[in-house]
There are 2 protein chains.
Amino acid sequence: MSGEVRELREVATWSDSADVVVVGLGAAGAAVALEASGTGAETLVLERAAAGGGTSAMSGGVLYLGGGTALQKACGFEDSCEAMYAYLMASCGDSPDEAKVRLYCEGSCEHYAWLVAQGVPFKPVFYDGCSGEPPTDDGLVWSGSERAHPFCELARPAPRGHVPQLEHQAGPMLMRALLAAVAASSARVAAGQRCTALVRDDSGGVVGVIASGERAIRARRGVVLTTGGFIHNDAMLAAHQPLLTRCKFRVGAEGDDGSGIRLGMAVGAGTVRMNAASISLPVTQPWGLRRGILVNSQGQRFVNEDAYYGCLGERALLSHGGRAWLVVDDAIFEQPEYPRNVAAVGESPTELARELGLPPGSLESTLALYNLHAARAEDPVFRKAREYVVALETPPFGAFDCTTEGSLYAAFTLGGLRTDPDGQVLDPEGRPISGLFAAGRCTSGLSVGGYSSGISLGDGTFFGRRAGRSAARA
Amino acid sequence: MSGEVRELREVATWSDSADVVVVGLGAAGAAVALEASGTGAETLVLERAAAGGGTSAMSGGVLYLGGGTALQKACGFEDSCEAMYAYLMASCGDSPDEAKVRLYCEGSCEHYAWLVAQGVPFKPVFYDGCSGEPPTDDGLVWSGSERAHPFCELARPAPRGHVPQLEHQAGPMLMRALLAAVAASSARVAAGQRCTALVRDDSGGVVGVIASGERAIRARRGVVLTTGGFIHNDAMLAAHQPLLTRCKFRVGAEGDDGSGIRLGMAVGAGTVRMNAASISLPVTQPWGLRRGILVNSQGQRFVNEDAYYGCLGERALLSHGGRAWLVVDDAIFEQPEYPRNVAAVGESPTELARELGLPPGSLESTLALYNLHAARAEDPVFRKAREYVVALETPPFGAFDCTTEGSLYAAFTLGGLRTDPDGQVLDPEGRPISGLFAAGRCTSGLSVGGYSSGISLGDGTFFGRRAGRSAARA
């Protein structure tokens, strides 16, 4: 046996069967189950934990949606499919999947309506002041870099973070609603059931799974993997993106060990951007802290500080070794919402730089150039928005620790199985693997690098629905 | 069929057979063939091109070897296994395979002797003045960042680029010698033979290959894949590292289309760091040009310019969007060995910056800080070696184009099949796939990011030999 695969001829008897077998019951799995069962297909969901929810239920609950959803309109924002498409294509990393992004933008308003129809409540109030999860039960937030350079020049910005209504518990709220919808559907849910192998027939197609207790379960039409990413699998991180092991907060339920990706690979699935990750460095909230400057171990700035905190973290970790500090002066000092250590304080930039161990003269040079332009509220070097550009010249100066050692980076993986927009799993040649579908973070979705809050719940549910329909008609 | 795999039961008759079937005849394939046949195993090599050679025969021929080889000693250099190990572990990217690096360093002197015994000539003369391929027929060169920060502080530097003797044609020379050795061995070579599928038995083990004309060839002990990387496969680059498509020079023979990686994946092989690549930006030769400063589109330096040009290219492309310029003044101006466009000239840094479209004041600020320290021959910001640190203050100033659009980046892939140090191919769980071995650039070898010239020919032949012995005794 070269992987977690079982040949059909080795299966003596089927313990159970369904038209569609869904592996995993987070947001993506729920979306699959709802759509597959909705077509009349007999649907069975296997969840390894004692109950459904997965990482989605631990998340901030934000869904990245737009193009003029009912919620955006209710909150008084205009948006268009084109603007959303332009933003996502520019922000989702290098060369995202154009077909997926296009479909997602075109279907986003309908998808929002579907979520509401499943019983997910959204309060039609806009909350200004955070990127992602608000501290209130408000329904709409900014959740990306839409208003930051270069995106604001490419597409008209609109807030697209859609947040289920329940203060500080939007993720659990989302899953409570989706799980209730699944319970009310014809889909069966079997909890405490781990999928240990896929069953393959002589033609290479997937025709079932092996679940806990060596039970063989037949899938007459298709198996859909929705098992999450691999942030909790150290061996996979070592193989694909070991820098993530330096992030203090690995975002994911226990089941995010890449099991579905490995199940797929064992039957010959291709993978996409296994090195990609969402890496958040939430240090610029309250937004007044965007007036600080984020510097690396050379004392240089490396990003416009008003970019989404996922952008800050990705740059800091992947391009600057996870060595960064947010420098502020006394005039703009305030405590970050997510507590940060103050790494150093100094009466002058030189004293601060010495405390931080930065090369002599470098931070001073960086600040001098920054302040020169800030006098005109300009930042021609990184093009931070004018409202956040003020000269930093009021002692004492301070630096919040944004190193991986002394600070919190929150990370999860974005790479995974190669799928087409209908959720069909593809081999490395781009050919479909018969009977095998996938959605959510065990696949490569909208983002292949750059991230905005809500993309994973968004593409997981959106492409989960498509995968559910595909499997049901397979 | 979910991939390039054929089930044994589908094979009616074997057209040919051998104990060990080697797929590909570059340097790695030759090493496999020599060692496998040397143990007495009947060995058959399939090469898709009309003759052996592959990318190795197009290369600069440098082999990264050290620890006190006979050539290093003859040239008067001291080196140690420990120093080589420390350098490679620090320079080969984030978390390289420790076991492979250890074995490689321990076996490096013996491996050099083996190459000599195969008829590869090395002239015992050290050539100073380049990184990699010398313009002479001399045998030893610097081929990495050994003398640059931070490596020079971690390990005693020694030149480790071992170059077969034939001016400007060391790669062809290497392959001529290895192919002659293969011809003199008991291994059979079949050219013009493409391997289109692996044959798998009921237990999941590999027992043969399908070659051109649907010929089934039985491998009694093992198949060894040595098919090279995937720099010429746009779909694979899109899946794993699309930035490489922006490099004007894709380093590799036509066969570097990832066929072996896909063959392995189709039978369930794992992969490692598919995003990793060697990305050369050869702009600092002659070495006097290291006295220039390499700046990004913010006018900032981002690397010590005396680092190996593979380090320059990797940083410039992956962290700075392939937007970079080498700034020089009139005092240090000279033409690079590899022709570069002059992107701009200016009587002052300000004029130069304006020509380049850099943000106002930024290049000036960078130069001012650099020159301040250069007055004492110091570079505390990036720690370039003193000999390359001089103030740049003699007009006119010029900038060599180091953008991906206007300049040459030379790239090849480093990610590939997951193998153990004996060349056994592993699945994503780390379990061996029976009968399947691999070496060279279709595998992940010593480098998982940072590169030094000669690592691929070095690890390809070194681990190729090990894979050949493993397959022969399987």
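Just so it is clear: chains get the letters A, B, ... in the order the sequence lines come, proteins before strands, and each one is counted from 1. Atoms considered below: every heavy atom in the structure, side chains included; atoms not considered: hydrogens, waters and symmetry mates. Since we're looking at a predicted model, the values are computed, not measured.
- When the candidates A:Gly430, A:Gly258, A:Ser365 are compared by the number of heavy-atom contacts under 4.5 Å with chain B, A:Ser365 comes out ahead.
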Checklist entry - side-chain contact (heavy atoms from CB on, under 4.5 Å) between A:Val199 and A:Val206: does it pass, once the steps are laid out? => result CA-CA 6 Å; A:Val199 179; A:Val206 172; over 6 Å; no
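- Evaluation of the ring pair (Phe, Tyr, Trp, His ring centres under 6.0 Å) rule for A:His320 yields A:Phe302 as partners, not counting sequence neighbours.
- Salt bridge annotation for B:Arg323-B:Glu405: present, with a cationic side-chain nitrogen under 4.0 angstrom from a carboxylate oxygen.
- When heavy atoms are compared at a cutoff of 4.5 Å, B:Met265 approaches chain A by way of both its backbone and its side chain.
- Rounded to the nearest 0.5 angstrom, A:Arg262 CZ and A:Cys442 SG are separated by 11.5 Å.
- Of the atoms belonging to B:Leu243, heavy atoms from both backbone and side chain fall under 4.5 Å from chain A.
- Ranked by heavy-atom pairs under 4.5 Å with chain B, the list A:Glu378, A:His373, A:Arg383, A:Arg315 is led by A:His373.
- Between chain A and the residues B:Leu369, B:Leu426, B:Val272, the largest count of heavy-atom pairs under 4.5 Å involves B:Leu369.
- Across every non-hydrogen atom of B:Gly264 and B:Leu417, the tightest pair is CA-CD2, 4.1 Å.
- Contact annotation for A:Thr271: both backbone and side-chain heavy atoms come within less than 4.5 Å of a heavy atom of chain B.
- Interface residues of residues 233-242 of chain B toward chain A, defined by a heavy-atom distance below 4.5 Å and sorted by number: B:Ala238, B:Ala239, B:His240, B:Pro242.
- Within a 6.0 Å sphere centred on CZ of A:Arg246, heavy atoms belonging to other residues, nucleotides or ligands number more than 12.
- Applying the side-chain contact (heavy atoms from CB on, under 4.5 Å) test to A:Val448 and every residue at least two apart in sequence or in another chain returns A:Pro96, A:Arg273, A:Ser444.
- Between chain B and the residues A:Gln298, A:Met274, A:Arg418, A:Arg301, the largest count of heavy-atom pairs under 4.5 Å involves A:Gln298.
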Next on the checklist: Assess the residue pair B:Val381 and B:Tyr370 against the criterion (side-chain contact (heavy atoms from CB on, under 4.5 Å)); give the C-alpha distance rounded to whole Å, side-chain angles, the decisive distance to 0.1 Å, and a yes or no.
Outcome noted: CA-CA 8 Å; B:Val381 181; B:Tyr370 182 78; over 6 Å; no
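- For the side-chain hydrogen bond (donor to acceptor under 3.5 Å, both in side chains) test, residues two or more places apart in sequence or in another chain that qualify with A:Glu364 are A:Thr350.
- A salt bridge links B:Asp427 with B:Arg431; the closest basic N to acidic carboxylate O contact falls under 4.0 Å.
- For chain B, the nearby part of A:Arg9 is the side chain; its heavy atoms alone come within less than 4.5 Å.
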